[in-house]
Amino acid sequence: MTDEAALPDTGAVESAPKQEAADAVAELADAPVARMLIALDVDGTVLLEDDTLSPGVVEAVAGAQAAGHEVMLATGRSWGSTHTIMDRLGIRPEYAVCSNGAIVMRRIGDGDAAPYERAHVETFDPTEVLTLLGEHLAGAHFLVELPDGSRLFTDYLDDWNLEGANRVTFAQLSEQPVCRVVVVAPEKTDKDFLQLVERIGLNQVSYAIGWTAWLDIAPQGVDKSTALELVRGWLGIPAERVLVMGDGRNDIEMMQWAVRNGGRAIAMHQGPPEVHAAAGEVGLSVTEGGVAAVLRAL
């Protein structure tokens, strides 16, 4: 068969008019971007160390929402602190992950005045872990969060927002199930805490160590990723349409979860090496507007 014989007869191929083709291209350009679940850590990601907002984050979050994405917070903070950050960002997401995954809040209804309820709560008996830590950390400050959001603490600490919290004895911290335990030892370093955890073992709980000698303990197997997987399922968003951003060791599990399931995880530049490794992608620092830069590029 010759090349000419392989060609179709003149007029046998239909072609769209120019205007019709142009309309099709415009339609594709105007097609909505597939909805994403965007989960942001708070401290060191959305907020700077002085509690001010990262440059450009409010405008960038608004732009992501306008594009149809679900922008929410996934933080170690309690709900009492988390909702104030949401107000500052101008967001009212359907869900919020608090207390490092032990609490998931759900919005009831629409509108700026719509309240939130506890959609999921994880608790554990803190007796064993508190006894263990109390023996090795004389002089440490302890705080527990109860399922209803109230908090009990042993000693005042400038970095803690203790509005509505009750001061109790160390023994009283263990009188009921809790969502999390927070331990701060001002005279220690994060390396001291890492060594302590390795030495004494905390196998019956999940834990995260902060930049300073700060230890956050949650029920076993509970972290930001377990809560976000619940939220993702409730929203019906595919795993590959997930984007998470954070800077701390308590963000490692949610980063690994996102990447493992085909989504994206971006670490803030100022985060430690293990957080960078978990994310696989490293953005700008919080002071440079790292979140804003990523959201604007979506």
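Here, residue 1 is the first one in the sequence, and each next residue gets the next number.
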**Asked** So do Leu196 and Leu137 actually touch side chain to side chain, heavy atoms under 4.5 Å?
**Response** yes
**Asked** Quick one: do Lys224 and Asp251 make a salt bridge, cutoff under 4.0 Å?
**Response** yes
**Message:** Looking at Asp51, I'd like to know if its CG atom is crowded, meaning that more than 12 non-hydrogen atoms belonging to other residues, nucleotides or ligands lie closer than 6.0 Å.
**Reply:** yes
**Prompt:** Given the rule that I, L, V, M, F, W and Y join up when any side-chain heavy atoms are under 4.5 Å apart, are Leu295 and Leu53 in one cluster?
**Reply:** yes
**Asked** In terms of side-chain heavy atoms, does Thr189 have a donor or acceptor partner in Asp192 at a distance below 3.5 Å?
**Response** yes
**Shortest non-hydrogen contact from Met268 toward Gly44** = CG-O, 3.5 Å
**Request:** Check the pair His120 / Arg106 against side chain to side chain contact (heavy atoms under 4.5 Å, CB included), numbers first and verdict last.
**Result:** CA-CA 9 Å; His120 185 78; Arg106 175 172 53 212; over 6 Å; no
**Prompt:** Nearest 0.5 Å, what's the CE-CZ distance between Met36 and Arg264?
**Reply:** 6.5 Å
**Request:** State, to 0.1 Å, how close Ser174 and Pro126 come at their nearest heavy-atom pair, and which atoms those are.
**Result:** CA-CG, 4.0 Å
**Message:** I'd like to check Glu70 versus Val231 (side-chain heavy atoms, cut-off strictly below 4.5 Å). Are they in contact?
**Reply:** no
**Message:** As an exercise, state the distance from CD1 of Ile200 to CD of Gln195, rounded to the nearest 0.5 Å.
**Reply:** 12.5 Å
**Request:** Determine whether more than 12 heavy atoms belonging to other residues, nucleotides or ligands lie under 6.0 Å from atom CD of Glu49.
**Result:** no
**Message:** Quick check: closest heavy atoms across Arg249 and Val275, and the distance to 0.1 Å?
**Reply:** N-CG2, 3.9 Å
**Prompt:** In terms of hydrophobic clusters joined by side-chain contacts under 4.5 Å, are Leu230 and Ile38 together?
**Reply:** no
**Asked** Any side-chain heavy-atom pair from Asp87 and Arg92 closer than 4.5 angstrom?
**Response** yes
**Complete:** Looking only at heavy atoms, the pair that brings Ala258 and Val244 closest together is CB-CG2, 3.9 Å
**Asked** Is the closest basic N to carboxylate O distance between Glu145 and Arg151 below 4.0 Å?
**Response** no
**Prompt:** Among Val183, Val181, Ile217, Val178, which residue meets the side-chain contact (heavy atoms from CB on, under 4.5 Å) test with Leu130?
**Reply:** Val181
**Item:** Under 3.5 Å: donor-acceptor pair, side chain of Ser206, backbone of Gly221
**Value:** yes
**Message:** Any side-chain to backbone donor/acceptor pair from Arg118 onto Asp148? Under 3.5 Å, distance only.
**Reply:** yes
**Request:** Assess whether atom CD of Glu163 is packed by more than 12 heavy atoms of other residues, nucleotides or ligands within 6.0 Å.
**Result:** no
**Request:** Start with the C-alpha distance between Met72 and Leu228, add both sets of side-chain angles, then the distance that settles side chain to side chain contact (heavy atoms under 4.5 Å, CB included), and finish with yes or no.
**Result:** CA-CA 10 Å; Met72 61 174 290; Leu228 285 171; 3.9 Å; yes
**Asked** Hey, does the side chain of Thr131 reach the backbone of Thr127 with a donor-acceptor pair shorter than 3.5 angstrom?
**Response** yes
**Prompt:** So Tyr116 and Trp79, would you call those rings parallel, tilted or perpendicular, with 30° and 60° as cut-offs?
**Reply:** tilted
**Item:** Gly76 backbone acceptor or donor facing Arg180 side chain under 3.5 Å
**Value:** yes
**Fill in**
Rounded to the nearest 0.5 Å, the OH atom of Tyr95 sits from the CG atom of Leu235 at a distance of 5.5 Å
**Request:** Show the numbers, then the answer: is there a side chain to side chain contact (heavy atoms under 4.5 Å, CB included) between Leu47 and Val286?
**Result:** CA-CA 7 Å; Leu47 289 185; Val286 63; over 6 Å; no
**Request:** Inspect the surroundings of CD in Glu274 and state if more than 12 heavy atoms from other residues, nucleotides or ligands are less than 6.0 Å away.
**Result:** yes
**Request:** Please check if the side chain of His276 supplies one atom and the backbone of Gly271 the other of a donor-acceptor pair under 3.5 Å.
**Result:** yes
**Message:** Using side-chain heavy atoms (C-beta onward) and a distance below 4.5 Å, is Asp216 in contact with Asn250?
**Reply:** no
**Fill in**
Heavy atoms of Pro147 and Thr123 approach each other most closely as CG-CG2, 3.5 Å
**Message:** Just so I know, are the side chains of Leu243 and Leu298 near enough to count as touching, which here means a heavy-atom distance under 4.5 Å?
**Reply:** yes
**Message:** What's the separation between atom OG1 in Thr75 and atom CD1 in Ile103, rounded to the nearest 0.5 Å?
**Reply:** 12.5 Å
**Prompt:** If two hydrophobic side chains count as joined below 4.5 Å and joins carry through other members, does Leu73 share a cluster with Trp234?
**Reply:** no
**Request:** Enter the distance from Glu122:CD to Thr226:OG1 here, rounded to the nearest 0.5 Å.
**Result:** 6.5 Å
**Message:** Tell me the closest heavy-atom pair linking Ala292 and Ala60, and the distance in Å.
**Reply:** CA-CB, 3.6 Å
**Asked** What about Met245 and Ile91, same hydrophobic cluster or not, with Ile/Leu/Val/Met/Phe/Trp/Tyr joined at side-chain heavy-atom distances under 4.5 Å?
**Response** yes
**Message:** Quick check on Glu198: does its CD atom have over 12 non-hydrogen neighbours (other residues, nucleotides or ligands) under 6.0 Å away?
**Reply:** no
**Prompt:** Is Lys188 close to Leu215 at the side-chain level, that is, under 4.5 Å between some pair of heavy atoms?
**Reply:** no
**Request:** Mind running side chain to side chain contact (heavy atoms under 4.5 Å, CB included) on Ser225 and Gln256 for me, showing each step along the way?
**Result:** CA-CA 8 Å; Ser225 76; Gln256 293 171 333; over 6 Å; no
**Request:** Would you indicate whether the side-chain heavy atoms of Ser54 and Thr45 approach each other to under 4.5 Å?
**Result:** no
**Message:** Check for me, please, whether Val205 and Leu146 land in the same ILVMFWY cluster - side-chain distances under 4.5 Å, paths through other members count.
**Reply:** yes
**Prompt:** In this structure, are over 12 heavy atoms from other groups packed under 6.0 Å from His269 atom NE2?
**Reply:** no
**Asked** Would a 4.5 Å heavy-atom cut-off, applied to side chains only, mark Val242 and Asn261 as touching?
**Response** no
**Item:** Separation of Arg232 CZ from Leu37 CG (nearest 0.5 Å)
**Value:** 9.0 Å
